[in-house]
Amino acid sequence: MRDMRKYKYMVLRRSSQVSLLFLFIAGNILGWNALRGNLSASIILGKIPLTDPFALLQIFATGNMISAEALEGALIVTVLFGLVCGRAFCSWVCPLNMVTDLANRLREKMKLDAENRNPFLSRKARYWVIGISLVLSFATGVAAFEWISPISMFHRGVIFGMGVGWTAVLAIFLFDLLIARNGFCGHLCPLGGFYSLITRFSLVRVRHYKEKCTQCMKCTDICPERQALPMVGKTSSMVVSGECTNCARCIEVCDDDAMRFGIRYVS
Amino acid sequence: MSRDERAEKMPERRRFLIGVVKGIGAAAVGGLVWNGFLDGKKAYPFVLRPPGAVTEEKFLAKCTKCGICVEACPYKALILARPGDERPVGTPYFAMRENPCRMCKDIPCAAACPTGALDLSLVSGKDEQGRTKPDINLARIGLAVIDRETCVAYWGIQCDACYRSCPVMDKAIKVEYLRNERTGKHALLAPIVHSEHCTGCGMCERACVTEKASIFVLPRHIAMGESSARYIKGWDSSDEQRMGELPEETKTITPRSQKNPLDYLNQGGF
Ligand code: SF4
Ligand code: SF4
Ligand code: SF4
Ligand code: SF4
């Protein structure tokens with residue numbers, strides 16, 4: 001039997017994603033005050049504002065100023081992820097991650113992944129999408145990605161009513177299942193790309209211990225951002241890439257305890 | 001040299017450049033499609049925004065689609081546009097016939113907006129002590145418009161459903177006694193909307209007894225005209241200051257317009 005500890009982080013991540021979603025839904029339907037709004041902007045306990053910093057950047061690009069409250073909210077989020085948790089938004093908060101993880105799982109089960117490569121899609125594409133978002137926001141006067149974002153569409157949909165928004169979610173699911181492995185989150189999503197950019201120097205990191213590693217390479221196989229693990233079996237070091245989502249799948253999959261969470265500059 | 005060999009010999013820099021050009025190409029194509037999509041989505045002029053909304057253009061830029069205003073409304077009157085609602089997706093709007101604005105005194109929706117897309121100061125006035133406080137009567141969500149052909153009061157049937165439902169009663173809608181030309185001996189009790197008082201709350205639209213409402217709220221920029229400074233209410237001194245807005249020169253010049261219009265009798269111009 002496989003050790004339940006192998007799923008520790010998976011269980012934690014899903015609980016985090018689901019309970020955040022639940023609190024947002026309860027905010028709208030039951031009137032709970034814990035979390036109001038959605039991932040674009042929200043208020044904790046009626047006091048602490050949170051704002052999606054990438055959405056804010058796009059609003060700036062349209063040439064509009066925004067309230068101090070929204071700015072404060074964006075600052076809190078930027079500090080939280082940028083300096084502390086890394087790109088954990090993607091694997092611990094974003095609801096679309098559950099969809100793309102499921103697509104990924106099925107892709108493995110159905111052995112659609114024999115090639116395992118996305119020759120036509122670059123990992124850098126997301127940074128282009130960020131650029132286009134900002135240029136289009138400037139040109140059209142509306143926050144360009146916010147208007148098509150399947151993440152907000154999904155999250156807003158679950159809380160406030162989905163309409164035909166599920167088609168966008170289905171499209172992402174099929175894209176990841178049939179067309180490209182980790183196609184959306186690992187290549188295209190500008191929000192993920194934005195968090196990759198601002199979390200370069202965050203504290204919480206996965207650390208690799210070369211002396212324990214037996215070079216089975218299970219970790220790079222399971223990693224949705226495998227380019228973040230160039231050191232495996234070669235050197236003992238921290239994962240430094242901002243593209244790592246701190247999902248801890250590599251930690252769970254490693255039978256030799258050669259991967260662990262650590263704090264940068266300390267351990 | 002075969003094609004493959006040549007490709008292999010291609011210098012690193014060249015390959016890089018081709019990569020960049022391909023990237024720019026893909027970005028341009030994607031950007032254009034995306035841009036077209038945004039253009040289509042912005043073009044919904046018939047949206048009724050919550051009280052205190054800034055101009056629609058600014059609103060579309062500032063609203064982060066967080067739905068906090070929707071949650072703040074105690075009557076659940078606001079809807080956060082779902083894809084397929086034919087409104088800019090994720091932005092708050094009213095469907096007045098189903099659920100109009102109840103004109104809350106403290107305007108919780110506008111007070112809750114974190115981004116300034118709803119600006120409480122736009123719907124605030126001064127109280128007796130000179131303190132700023134929310135005044136929902138300043139809201140201009142839209143303007144109620146009456147279809148006189150289907151409104152049964154204009155047929156001569158007695159109905160004052162809209163008049164009685166209006167929170168700004170006897171100001172935003174007044175009932176006027178008109179002569180019923182058809183019977184020649186009865187009166188019509190005709191509802192008439194006054195734009196200087198109507199907040200566009202939509203209570204009348206919901207109350208209207210006809211199958212499809214004969215009084216309905218439209219965005220003000222659609223419901224209202226605008227007279228130029230060429231037409232002044234000479235009997236209204238406050239209107240006369242608009243005269244300053246007239247451009248100095250008349251643009252259209254014809255042989256007739258060059259003569260002094262005040263002097264046409266003496267000079268026999270016509
Ligand atoms: S990459 Fe984008 S969609 Fe994927 S988890 Fe991160 S924010 Fe969500
Ligand atoms: S004024 Fe009151 S009823 Fe009207 S939209 Fe705002 S919160 Fe709702
Ligand atoms: S609270 Fe403000 S930013 Fe949020 S949805 Fe309403 S208008 Fe938009
Ligand atoms: S919308 Fe109708 S009910 Fe509301 S203020 Fe105007 S006339 Fe009165």
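Each chain gets a letter, A, B and so on, in the order its sequence line appears, and its residues count up from 1. Worth knowing before you read on, the calculation uses all heavy atoms, side chains too, and leaves out hydrogens, waters and symmetry mates.
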Tell me, side chain or backbone of [X] under 4.5 Å from chain B's heavy atoms, or both, or neither?
X	result
A:Ser42	backbone
A:Val135	neither
A:Ser152	neither
A:Ile159	side chain

Among the listed options [options], the residue most often paired with chain B at heavy-atom distances under 4.5 Å:
options	result
A:Ala70, A:Ala144, A:Ala55	A:Ala144
A:Glu69, A:Glu146, A:Glu72, A:Met153	A:Glu69
A:Val164, A:Leu56, A:Thr51	A:Val164
A:Met65, A:Lys124, A:His155	A:Met65

Which atom of [X] lies closest to which atom of [Y], heavy atoms considered:
X	Y	value
B:Ala61	A:Gly141	CB-O, 3.2 Å
A:Ile66	B:Thr115	CG1-O, 3.5 Å
A:Phe24	B:Glu71	O-OE2, 4.2 Å
A:Ala41	B:Cys66	O-CB, 3.3 Å
A:Arg156	B:Val89	NH2-CG2, 3.8 Å

Practice item. Report, as yes or no, whether the 6.0 Å neighbourhood of atom CD on B:Glu226 holds more than 12 heavy atoms from other residues, nucleotides or ligands. Key: no
Point to revise | CD (A:Gln227) with more than 12 external heavy atoms under 6.0 Å | key: yes
Check your understanding: When heavy-atom pairs shorter than 4.5 Å are enumerated against chain A, which of B:Gly116, B:Pro83, B:Ala81 gives the highest number?
Key -> B:Pro83
Check your understanding: Between A:Asn38 and B:Lys65, is there a donor-acceptor pair closer than 3.5 Å when you use the side chain of the first and the backbone of the second?
Key -> yes
Check your understanding: By number, which residues in residues 27-37 of chain A have some heavy atom less than 4.5 Å away from chain B?
Key -> A:Gly27, A:Asn28, A:Arg36, A:Gly37
Check your understanding: Is there a side-chain contact between A:Thr140 and B:Trp34 (heavy atoms, below 4.5 Å)?
Key -> no
Check your understanding: Does the side chain of B:Ile79 come within less than 4.5 Å of A:Phe160's, by heavy atoms?
Key -> no
Check your understanding: Rounded to the nearest 0.5 Å, what separation is found between the OG1 atom of B:Thr64 and the CG atom of A:Asp52?
Key -> 8.5 Å
Practice item. Measure the spacing between CG of B:Leu60 and CG of A:Asn64 and express it to the nearest 0.5 Å. Key: 10.0 Å
